[in-house]
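Letters A, B, ... are given to chains in the order of the sequence lines, protein chains preceding strands, and every chain is numbered from 1.
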Amino acid sequence: MTLTRASATPATLLRPLAAAAHWLTSPLVPEDYLGLIDPLWATGELCGRVEAVHTETSDAATLVIRPGRGWIAHRPGQWVRIGVDIDGRRHWRAFSLSSAPGRPDGRVTVTVKAVRGGLVSDYLVRSTAPGAVLRLGPPEGAFVLPEPPPPRLLFVTAGSGITPVMPMVEGLRLDGVNGPDVVLVHSAPAHGEVIFGGRLRSLAARCPRLRLHERHTRSDGRLRPADLARLCPDWTERSVWACGPPAMLDDIAAYWTGPADGLHVERFHPVPTAQGSGGRVRFTRSGREAEADGGTPLLAVGESAGVLMPSGCRMGICYGCVARLRSGQVRDVRTGRVHGDAGEMIQTCVSVAAGPVEIEL
Amino acid sequence: MPATFHLDPVDAEDFGRELDKIREGVLASLGERDAAYIRGLIAVQRKLELTGRALLFASWLPPAWAAGTAALTIAKILENMEIGHNVLHGQWDWMLDPKIHSTTWEWDTASPADQWKHSHNFVHHTWTNVLGKDRDIGYSALRICPEQRWHPIYLAQPFYNALLALFFEYGIAIYDLELERIPSGRKDPKEALAQLRAVAAKIRNQIVKDYVAFPLLAGPAFLPVLLGNLTANMARNVWAHTIIFCGHFPEGAEVFTEDWLENETRGEWYVRQLLGSCNIDGGRLFHIMSGNLSHQIEHHLFPDLPSNRYAEIAPRVRALCERFGLPYASGSLVRQAGSVWKRVLRMALPGPGRPSAAEPPASALKAAA
Ligand code: FES
């Protein structure tokens, strides 16, 4: 997969100038000052400005975002990590990009469904207004169609699982005579709760090569793999792309009899929940692992596992021991607070594992 | 007799628990307004720096020179004190903003951030005012308490302390290298050399920026710009030196011997931080300009709590000290700075000074407690 810059950079000319500017701004970088004028000019940290918010359903909204400098064009089906500051603290979550790439206006969209108890999704759906600046990660994910696309496709989606699939379907040339043959089976609770309902239906009405099966689970019940065989008898001969709740994906995978590379599934990254205390700690750089109880600081866990752990005061004051959390959550022994997002820096001397944890050390 | 005599271990534990409560209260209430404070301050500092540098381009006009130099000086002071020092303490790490984080911040001073975090955050804040452990007692160059053995070189310390004030950032950078530990093998010369290179790179960047690049850009105003930048750097140094020396060296700040550390409890750790630190009285602007090190006591009790909160918890800390019969050293800038200089002058001469000589060494306090 090749990633290309969204816009050709005149940077070749500007580079010597930028290097010279570094001498004037040391120890900062010129972007730190440019960011004062517009955060989107800073390249050190990718930002995006929300330019519009469209309500999709009662609990889902599409954010139209103008990405700042340094954004890399995405491919349909990919997702992006979005960082928002809530109560002064930054939180990151991954969301599918719901727009087709390369929009002439240079904007991208993400469609977010507010999950119950979901801090970030709720904030994005209900409290984000045009003008808000968000942090962006690069587009990520391998849930993308090959180029050229297979001649016969089946998409199986449920709920917000439609979000990565929508730009994939829209990116296909379905109006021509020799475009691919596409079946889309989508489940949602009810007619009015179908994310992109209007867009999907009008697309299906326009494109004879797209067959849309909408299932409303509140009246029709959950989709079973057997239903798939009925709705799309040749489904195991198609190239299948599925996205939705884990149970549905598991069902499909178990029922699948086609070639192994014919089924592509995208799981939404589960929000880590910290039940219990202690867990397996993996130190990703040194490749070491250790079992940690809920009382031993990660610093000590790492040291006894032979990991070169940076440290200092060992009592939470000097910040000589911070390391990046790759996954999992930790408990701060001083406050009992359980916290942790992927990418967060934690003080290993006052943190214990709250479940399995991965640390970049 | 100092009030500390009356603090028995049980009281020390109570004292510690009360402080922990204050700490937890602040941690639980951190939020939007704190984040807005540091972001706003950083923006103000950067705009002030831009303004100062812009004004200096017209520095052949004396008022522009004065205004530009003043703006730049204030910007540099804010950058070092309220922003750099506190960010490097991890006070803003809770925001999870990589741009305002102790692991990524680099500041406009000769000490590379990571070296300084070791010498300051770790060595100084862990072993605060413990003789032989805390190298910040006199910065290995000054004799500031009678427990330090006198040497004729100290006769010159009033002079070299003044010099140190002018070139403070370089003094600190060199001091952080712990060169005096090399002969005894407690420091690897190779490590010292690598650190020295990092310091040299920082000094080079600063020299290029302040004494070459900006003056050259100003063309005919080369000399006034250079002088303005030099003035700003030196004024910043003198200011930082003054505030920092007022934090631990005025009369009343206690020094401890290593046996205090034996089985030191969390409560006793708090007591030591308190007894070793002194505050400076002042208004909000003064506190910001001093990086809130005017709340040195609160800073030493809670080095990683955001500095904008020190002022609001100070009255509670003070009330606690009264309740437990502990001293809470605070005074005006003039008084504290005067006291520091008196001490520097007195300790230049041999013999124990007053009034510390009349007190038993701090280690006795613990034994008595
Ligand atoms: S080792 Fe000092 S904060 Fe963790």
Side-chain angles (χ1 to χ4, degrees), chain A residues 20-37 39 42 44-47 83-92 133 135 137 310-325 332 334-337 339-347 349-350 360, chain B residues 20 23-24 27-28 30-39 42-43 46-47 49-50 53 88-99 101-109 112-114 117-118 120-127 202 205-206 208-209 212-214 217 266 269 302-304:
Chain A
H22 266 88
W23 286 105
L24 299 176
T25 55
S26 157
L28 300 179
V29 290
E31 283 85 0
D32 289 328
Y33 291 94
L34 290 177
L36 282 179
I37 308 167
E45 184 180 46
L46 189 56
C47 293
V84 283
D85 294 332
I86 303 172
D87 282 338
R89 202 167 290 184
R90 185 155 306 167
H91 302 264
W92 288 89
V133 173
R135 317 285 142 174
S311 71
C313 67
R314 312 183 74 93
M315 54 195 289
I317 59 170
C318 75
Y319 287 72
C321 64
V322 293
R324 194 175 297 280
L325 190 64
D332 187 320
R334 297 165 302 178
T335 57
R337 187 171 83 92
H339 62 106
D341 280 338
E344 184 174 332
M345 304 295 287
I346 56 158
Q347 286 170 282
C349 73
V350 288
E360 278 184 27
Chain B
D20 279 338
R23 178 187 157 78
E24 275 151 34
L27 282 179
L30 290 179
E32 195 52 53
R33 96 177 145 109
D34 303 278
Y37 170 80
I38 191 65
R39 291 220 169 88
I42 290 172
R46 288 181 184 165
K47 287 175 189 161
E49 172 162 0
L50 291 174
R53 301 227 181 247
L88 291 177
H89 262 293
Q91 292 182 4
W92 302 99
D93 282 12
W94 61 272
M95 287 164 54
L96 306 178
D97 181 343
K99 284 265 170 189
H101 199 275
S102 62
T103 53
T104 59
W105 196 265
E106 188 54 84
W107 54 349
D108 178 25
T109 185
D114 55 340
K117 274 194 289 185
H118 172 78
H120 178 85
N121 288 11
F122 172 41
V123 178
H124 169 59
H125 273 271
T126 309
W127 314 120
K202 285 215 70 183
N205 286 359
Q206 190 196 50
V208 168
K209 170 168 129 173
V212 180
F214 273 107
L217 272 182
R266 181 154 177 84
W269 182 83
F302 312 114
D304 62 346

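Of all non-hydrogen atoms in B:Lys209 and A:Pro27, the two that sit nearest each other are NZ-CD, 4.4 Å. A:Tyr33 approaches B:Glu49 most closely through the heavy-atom pair OH-OE1, 3.3 Å.
Taking CG of A:Asp32 as the reference point, atom NZ of B:Lys99 lies at 4.0 Å (rounded to 0.5 Å). The CH2 atom of B:Trp94 lies 11.5 Å from the CZ atom of A:Arg90; values are rounded to the nearest 0.5 Å. The structure places CD of A:Glu344 at 4.5 Å from CG of B:Leu96, a figure rounded to the nearest 0.5 Å.
Interface remark: B:Arg33 contributes no atoms to any contact with chain A (heavy atom separation under 4.5 Å). For A:Arg334, the parts sitting under 4.5 Å from any heavy atom of chain B are the backbone and the side chain alike. Of the atoms belonging to B:His118, not a single heavy atom falls under 4.5 Å from chain A. When heavy atoms are compared at a cutoff of 4.5 Å, B:Arg53 does not approach chain A at all. Interface residue A:Leu24: backbone and side-chain heavy atoms are both found under 4.5 Å from chain B.
Of the residues considered (B:Leu30, B:Leu27, B:Leu50), B:Leu50 shows the highest number of contacts with chain A, using heavy-atom pairs under 4.5 Å. Contact count versus chain A (heavy atoms, under 4.5 Å) is highest, among B:Trp92, B:Phe302, B:Trp107, B:Trp105, for B:Trp107. Ranked by non-hydrogen atom pairs under 4.5 Å with chain A, the options B:Thr109, B:Asp93, B:Asp34, B:Leu88 are led by B:Asp93. Ranked by heavy-atom pairs under 4.5 Å with chain A, the list B:Lys202, B:Lys117, B:His101 is led by B:His101. Counting heavy-atom pairs under 4.5 Å between each of B:Thr126, B:Asp97, B:Asp108 and chain A puts B:Asp97 at the top.
Side-chain contact of B:Asp304 with A:Tyr319: a donor-acceptor pair under 3.5 Å is present, judged by distance alone.
Between B:Gln206 and A:Ser26 there is no side-chain heavy-atom pair separated by less than 4.5 Å.
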